[in-house]
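The block underneath contains the structure these notes are about, expressed in structure tokens.
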Amino acid sequence: EQAGARTKAQLDETASRRDAYQAQAESAAARSRELARQARDLRDLAARAAAAQKKNQAGVLAVAPGGRRTAPASGQIITRFGAPTRSGGAAQGVTLRTAAGGKVVAPAEATVTYAGPFRSYGQVLILDQGNGYAMILTGMDSAFAGPGDKVAVGALIGQMGQVRTV
């Protein structure tokens, strides 16, 4: 009888945690949708996400850039940072062509400041590495991390759909 009561209490606690996590996830998704609605472009989205993160989570441990890193996905490099673009500017990042269903991992320790769709970029994750550095990962069909999540280098954070670029 005591074992049954203990099991019921554990189940109730687990259900309560699940409900709280779901409410938190729904709130984060709503904030992400609002940020995407307000942003003019990816750079503006990154700035807005960073400001929202600062406002909502003061005191987040900043991870200094220059620590351990990995590529976010396996694939062929299409564009390197600084390469000339069609519009005459310079590429602000690296573009990879990935295989269908390819896994996307956190390239560095970071805090997710934005997760969700943005215009024609597919699912977007913005990762704050601290000290003013952020990474923007685009083109995913699924994102497995949400705003406020702390991710470790190599942690699975998304998945590509058809052959896409990240």
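- Nearest approach of Ala115 to Pro147, heavy atoms of both residues: CB-CD, 3.9 Å.
- Distance check: Thr113 OG1 to Met135 CE gives 12.5 Å after rounding to the nearest 0.5 Å.
- Across all non-hydrogen atoms, the minimal contact from Ala145 to Val151 is CB-CG1, 4.2 Å.
- Hydrophobic clustering places Tyr121 together with Leu35 (ILVMFWY residues linked when any side-chain heavy atoms are closer than 4.5 Å, directly or through intermediates).
- In plain terms, the two heavy atoms of Ala46 and Ile136 that are nearest each other are CB-CD1, 3.8 Å.
- Between Ala134 and Ile126, the shortest heavy-atom contact is CB-CG2, 4.4 Å.
- Side-chain contact check for Pro107 versus Leu127: some heavy-atom pair is nearer than 4.5 Å.
- Between the side chain of Thr98 and the backbone N or O of Gly75 there is no donor-acceptor pair closer than 3.5 Å.
- Separating the CZ atom in Arg37 from the CG atom in Leu45 is a distance of 13.0 Å, to the nearest 0.5 Å.
- Of all non-hydrogen atoms in Ser32 and Tyr114, the two that sit nearest each other are O-CE1, 3.1 Å.
- Between the side chain of Gln123 and the backbone N or O of Asp141 there is no donor-acceptor pair closer than 3.5 Å.
- Val104 is not listed as a side-chain neighbour of Leu125, based on a closest heavy-atom distance of 4.5 Å or more.
- Heavy-atom contacts from other residues, nucleotides or ligands closer than 6.0 Å to CZ of Arg43 number 12 or fewer.
- Partners of Gln38 under the side chain to side chain contact (heavy atoms under 4.5 Å, CB included) rule, at least two apart in sequence or in another chain, are Glu34, Arg48.
- Here the shortest heavy-atom pairing between Ala91 and Thr79 reads CB-CG2, 3.6 Å.
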Item to complete: Decide side-chain contact (heavy atoms from CB on, under 4.5 Å) for Ile157 and Leu137; before the verdict, give the C-alpha distance in whole Å, the side-chain angles of both, and the deciding distance to 0.1 Å.
Response: CA-CA 10 Å; Ile157 58 174; Leu137 304 175; 3.7 Å; yes

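- Of the possible polar contacts, one joining the Arg119 side chain to the Arg40 backbone as a donor-acceptor pair under 3.5 Å is found.
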